[in-house]
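This report concerns only the one structure given below.
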Amino acid sequence: MMAWTLRRLTCVLAFASIALSATASEAPSACDHGVAWQVLGSGGPELNQRAQSGHVLWIDGKARAVFDTGAGTAVAFGKARGRIEDLDLIALSHLHTDHSADLPAYVKASFFGERRRDLPILGPPGNNVFPSLEAWLAALFTGEHAAYPYLAGFLQPEGAAYRLRPATLQLSDGDIATVFTGPNFSVRATPVKHGPIPALAWRIDVQGRSVVYLGDTDAQAPALLELAQGADLLIANLAISEHSNDSVASRLHAPPSRIASLAQRAGTRRLLLSHLMQRSEQALPESLRIIRAIYSGPVEVAQDGLCLPLPLRNNATHTKKGPA
């Protein structure tokens, strides 16, 4: 009996050791590379084992800004050792659920932390299809019919340890405006075309590096070329194939050749393809061939958790080719 008990105990301990080792090896770490960009969610609205759209800017081991908060990105932010206390900004490109659904999760999670300084939230204006950022937040947190009235204190003068400071960005086509300036980075924005949905693209300048996040767009807005000029990293959402027969999707998203042309003409140093859906994953080999025939810089395909360090640039630029 004692021998059987010892053997059982040995097996239990061995199993526990294996489980702990697996957990330790699989635990993600902070994207700690000086200045870096990390993909929190590389998917779109489908449930395809990818978190939905979201990204985070890291500076010296701290998560400083979140760009889009699609479903699953709040959990990914926690797995990456992000701290809401460190955030200087949340920016939403538009209010489709796959880019915004986790915003309440970030807010509620902050209740259990030590954040005391106000948190700016930037987002698009409204129209007859979508509310503005501020109207959307009010519908979530305040008012008689709010979805989460127990979080209203984060938008009111009293009731929470800090306040959300929303700003609806009323920009005209062709405008590029500086919309945030902090101690570590600044952000510029321009309106982009995403069918009838008000949407924004962002440029982040940080310690001699620059990142442009297009969000969802057909990539034909008048100021995009200027916004993306010379960026170290361009994040484009590859949601459709080159010859998509979905007329609605083609109004909302850019085909691979248009993404590549923008990156090439702007002289961006690196291209990251995100917002992958079943249709765009199936066409990925063809899309990559099309993009690489036009754009001469390195191209990467996003995965959840991917961390891209942003080293200081040198004077080398890739040679332009393809359509102007």
Side-chain angles (χ1 to χ4, degrees), residues 37 44 53 55 57 65 67-68 91-96 99 122-125 127 130 133 169-180 185-206 209-240 242 244 249-275 280 287 290-292 294-300 302 308 310 313 317-318 320-324:
W37 186 269
S53 295
H55 303 258
L57 172 70
F67 292 85
D68 284 347
L92 302 180
S93 65
H94 65 291
L95 300 181
H96 270 154
H99 292 256
L122 307 181
N127 60 10
F130 269 70
L133 172 77
L169 303 182
Q170 301 282 357
L171 303 175
S172 300
D173 285 350
D175 286 350
I176 297 177
T178 299
V179 295
F180 177 84
F185 64 97
S186 63
V187 178
R188 286 178 277 171
T190 194
V192 294
K193 306 296 184 184
H194 185 42
I197 294 88
L200 299 162
W202 311 95
R203 182 182 177 114
I204 306 96
D205 291 291
V206 48
R209 295 89 157 172
S210 55
V211 178
V212 172
Y213 174 51
L214 298 180
D216 282 359
T217 177
D218 66 1
Q220 297 187 101
L224 269 186
L225 183 60
E226 180 182 349
L227 187 79
Q229 198 69 40
D232 294 289
L233 176 65
L234 176 68
I235 300 100
N237 287 345
L238 184 67
I240 61 173
E242 184 67 24
S244 173
S250 296
R251 288 180 58 220
L252 298 173
H253 299 284
S257 61
R258 197 177 299 153
I259 291 170
S261 178
L262 173 63
Q264 185 66 26
R265 292 165 61 205
T268 57
R269 292 168 169 79
R270 196 174 185 184
L271 176 61
L272 176 66
L273 304 172
S274 195
H275 195 287
S280 55
S287 296
I290 291 169
I291 289 170
R292 286 171 174 149
I294 299 169
Y295 173 67
S296 56
V299 181
E300 298 180 66
L308 296 176
L310 299 172
R313 69 186 66 175
T317 59
H318 60 267
K320 293 190 176 184
K321 64 180 180 180

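- When every heavy atom of Ala223 is checked against every heavy atom of Gly174, the shortest pair comes out as CB-O, 3.7 Å.
- Among residues two or more places apart in sequence or in another chain, the side-chain contact (heavy atoms from CB on, under 4.5 Å) test is passed with Ala254 by Ala219, Arg258, Ile259.
- Applying the side-chain contact (heavy atoms from CB on, under 4.5 Å) criterion to Ala302, with sequence neighbours excluded, gives Val39, Ser42, Leu272, Ser274.
- Atom CZ of Arg292 sits about 9.5 Å away from atom CG of Leu271, to the nearest 0.5 Å.
- Taking 4.5 Å as the limit, every side-chain heavy atom of Leu171 sits out of range of all side-chain heavy atoms of Thr190.
- At least one side-chain heavy atom of His275 sits less than 4.5 Å from a side-chain heavy atom of His99.
- In this view, Arg203 and Asp205 satisfy the salt bridge (Lys or Arg N to Asp or Glu O under 4.0 Å) rule, not counting sequence neighbours.
- Closest approach of Val212 and Ala228 over heavy atoms only: CG2-CA, 3.8 Å.
- Panel note: side chain Ser280, backbone Leu238; a donor-acceptor pair is recorded below 3.5 Å.
- How far OG of Ser210 is from CZ of Arg269: 7.0 Å, rounded to the nearest 0.5 Å.
- Leu122 and Leu133 get closest at one heavy-atom pair: C-CD2, 3.6 Å.
- What you find for Tyr213 and Asp68 is that their closest heavy atoms are OH-OD2, 2.6 Å.
- Leu95 and Leu92 get closest at one heavy-atom pair: CD2-CD1, 3.9 Å.
- At a threshold of 4.5 Å between non-hydrogen side-chain atoms, the residues Leu225 and Leu262 count as touching.
- For Glu242, the side chain to side chain donor-acceptor pair (under 3.5 Å) partners at least two apart in sequence or on another chain are Ser257.
- Shown here for Leu169 and Val179, the closest heavy-atom pair between the two residues is CD1-CG1, 3.8 Å.
- Applying the side chain to side chain donor-acceptor pair (under 3.5 Å) rule to Trp37 yields the partners His55; only residues at least two apart in sequence or on another chain are considered.
- For Asn237, the side chain to side chain donor-acceptor pair (under 3.5 Å) partners at least two apart in sequence or on another chain are Asp216.
- Within the 4.5 Å cutoff, the side chain of Phe67 has heavy atoms near those of the Ile204 side chain.
- For Gln220, the side chain to side chain donor-acceptor pair (under 3.5 Å) criterion is met by Asp218, not counting sequence neighbours.
- Distance check, rounded to the nearest 0.5 Å: CD1 of Ile235 to CG of Leu233 gives 4.0 Å.
- Judged by distance alone, with hydrogens and angles left aside, the side-chain atoms of Thr268 form a donor-acceptor pair with the main-chain N or O of Ala263 at under 3.5 Å.
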Under 3.5 Å, sequence neighbours excluded: what are the donor-acceptor pairs made by side chains of residues 191-198?
from, atom 1, to, atom 2, distance (Å)
Lys193, NZ, Asp173, OD2, 2.8
His194, ND1, Leu252, O, 2.8
His194, NE2, His96, ND1, 3.3

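- In this view, Glu300 and Arg270 satisfy the salt bridge (Lys or Arg N to Asp or Glu O under 4.0 Å) rule, not counting sequence neighbours.
- Here the side chain of Gln264 pairs a donor or acceptor atom with the backbone of Ser296 at under 3.5 angstrom.
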